[in-house]
Protein chains: 2
Amino acid sequence: MTELASFDIFMRTAFGVEPAARAGLQLKAMAEAKCLGPHEEAPLGKRESNVLYIGSGATKLAARASDNREQIVAFHFGGDIFSVPADDLHSYSVSSLEPTSLLVFPARPFFDCASSDPRISRALLERQRTALHRCRDKAVALGQKNALERLAGFLFAMADRIGTGSGVRRILDLPMSRRDIGDSLGLTIETVSRQLGALRKAGLIETHGRSRIVVRDLNDIAHLSGHCGKSERTEPIEADFDLDQCERLPVGVARPQTGGQS
Amino acid sequence: MTELASFDIFMRTAFGVEPAARAGLQLKAMAEAKCLGPHEEAPLGKRESNVLYIGSGATKLAARASDNREQIVAFHFGGDIFSVPADDLHSYSVSSLEPTSLLVFPARPFFDCASSDPRISRALLERQRTALHRCRDKAVALGQKNALERLAGFLFAMADRIGTGSGVRRILDLPMSRRDIGDSLGLTIETVSRQLGALRKAGLIETHGRSRIVVRDLNDIAHLSGHCGKSERTEPIEADFDLDQCERLPVGVARPQTGGQS
DNA sequence: CGACAAGTTGAGGTCGTTCAAAGAACGTGG
DNA sequence: CCACGTTCTTTGAACGACCTCAACTTGTCG
């Protein structure tokens, strides 16, 4: 019953296809519904890739590098569809950040079936493209940006995905811990905390409790994130920030990874 | 004429579909054939995403972070299909590493058309999934691995994609420069050179000229790359390498990004 | 063979990490 | 409703990997 309901919502909201369509019935046959507690790993067959749909809640997709090294590859929220790689070079896992309901499909038959319906395959191609572009932007951040830029980029992305509020002010109720943020950005929790502290002291954000972060002006955060594309959403900020008026801060858009200060 | 020929090859090898099929004719109408010299940027409309097919040659897909910071997101070789993001958070570009012939499609109509043919959409979904998994593995490397592991992972991946030779010994004729390798791994060319030198002194690789690298035993490289999945292709190497017998080397599988030694 | 580009090697500096401890936030039970 | 204990977060000091700067060497092409 609950499985039926969530699957039908999945078909309609994700693809705009009635669950009674032929492809819908086939997909339903291979769907498996799960409910996860606050911090629980989704049970997946690691031997083959899976496709997941998040009905509600929030999850992290993480890869193990070795003993104590975990890289969070993506966060996912209600309505997201994404594929989880089978264990190959790295071992991947999906864990909930809060109570979460999701659907699990085996990837190969899922895609086999999905490609039979143009509406579904078109939607999936688009979602995969989005996922790939997000992952590439993450690679740029991990490869070329310093801690402050990475954190600003994270806040900017989260504001876009789960932020509330209007205008340039955004309220973020982050379901992930500092450790998760660090694991996502390739930083330690201490560095995350230090950079958040710097942003707070600079007056760019407020923190309330553990999970709420208020972005005072999203444009400030966007400029700090070192993005470099056409997205000049407003006129450049004046005077390039006087972050250093508050603290010993890496001023301006800093260097590649670390190193010199100019 | 040349355009026709390369497009037909594209349809047959990439999708196993005859170019005369309905979708084939539509795709052909939007295809644009290009030939690039040794080091040339592909002319792309940056306003919208593109899909590229590499007929022959080799290219790098790079993102600009700011003035002097370039992150190579992926390398592509003959037969590859991939999408190039429109300029958004970062500005992306495709450049040849050697003389290259390619086809350029505008992404939206390409996917619109592709999804109408199950064979094409199925193949594209699979290729996108591969690209996404590669990008995720790259994110793990950039976020969690040290210079030696990243370089080993790079050699391992290149051996898999363009390596020649049989058994555990592989010959790599790399079309990319040290700078490209560095930009791909989030390292400087000096660090790349130093780590290559370390591998050479450890007897794990040979370098001949600028572009040829011979991997003596691919398993050694695989183990050094810090991968952590089911891919235990052979029995673990004995004694965990005596790299330090040769030089002052970060021994063992080192720590997350930098820092302490234990 | 000669010149320029690409790669290598060395010395010193910085950012982020590691180790360590204090401080705040949240859940529990009285 | 408030005290307590655990967990998460913040802050501090010192180390190390990688970067920067600079000079030298090698490879490649005209």
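Just so you know, these numbers come straight off a predicted model, no measurement behind them. Letters go in sequence order (proteins before strands), and every chain restarts at 1.
- Checked by atom type, the side-chain pair A/T59/A/T100 shows no donor-acceptor distance below 3.5 Å.
- Between the CG atom of A/N68 and the C1' atom of C/dT17 there is a distance of 14 Å, rounded to whole Å.
- Atom CZ of A/R69 and atom P of D/dA17 are 14 Å apart (whole Å).
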Pair A/E41, A/K60 - check salt bridge (Lys or Arg N to Asp or Glu O under 4.0 Å), show working. CA-CA 9 Å; A/E41 181 174 343; A/K60 60 178 178 182; over 6 Å; no

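- Rounded to 10 degrees, the angle separating the terminal helix axes of the helix from C/dC1-D/dG30 to C/dG30-D/dC1, each built from five base pairs, is 50°.
- In this model, a side-chain donor or acceptor of B/R194 finds a partner on the base of C/dG10 within 3.5 Å.
- Contact check for A/L204 versus A/R216: no side-chain heavy atoms found under the 4.5 Å cut-off.
- The side chain of B/Q195 approaches D/dC18 more closely than any other nucleotide in the set C/dG16, D/dC18, D/dT9.
- A side chain to side chain donor-acceptor pair (under 3.5 Å) with A/S184 is found for exactly one of A/K138, A/R150, A/R179, A/E70, namely A/K138.
- Checking B/R169, B/K201, B/R200 one by one against B/E206, the salt bridge (Lys or Arg N to Asp or Glu O under 4.0 Å) holds for a single residue, B/R169.
- Residues A/V192 and B/R200 each lie close to DNA chain C; by heavy-atom proximity, the contact nearer the 5' end of the strand is made by B/R200.
- Classification of the A/H227-B/H90 ring pair by plane angle, with boundaries at 30° and 60°, yields perpendicular.
- Closest to the side chain of A/S177, from the set D/dC18, D/dT9, C/dG16, is D/dT9.
- The side chain of B/T188 sits closest to D/dT20 out of D/dT20, D/dT9, C/dG7.
- A straight line from CG of A/L187 to P of D/dT9 spans 15 Å, rounded to a whole angstrom.
- Whole-Å rounding puts the A/L196 CG to D/dC8 P distance at 17 Å.
- Atom CG of B/N146 is separated from atom P of C/dG16 by 17 Å (rounded to the nearest Å).
- Relative ring orientation between A/F154 and A/F75 is described as perpendicular, the plane-to-plane angle rising above 60° on a 0-90° scale split at 30° and 60°.
- C/dA6 atom C1' lies 8 Å from atom CD1 of B/I189, rounded to whole Å.
- In this structure, A/R161 places its CZ atom where more than 12 heavy-atom neighbours from other residues, nucleotides or ligands lie under 6.0 Å away.
- Nearest heavy-atom pair, A/Q144 versus B/Q71, reported as atom, atom and distance to 0.1 Å: NE2-OE1, 2.9 Å.
- Summarising the geometry, the separation between CZ on A/R178 and P on C/dG23 is reported as 19 Å, rounded to the nearest angstrom.
- One atom, CZ of B/R179, and another, C1' of D/dT20, lie 13 Å apart when rounded to the nearest Å.
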Which parts of nucleotides 22-30 of chain D does protein reach within less than 4.0 Å, heavy atoms only, written one letter per nucleotide 5' to 3' as B for base, S for sugar-phosphate only and - for none? B---BBS--

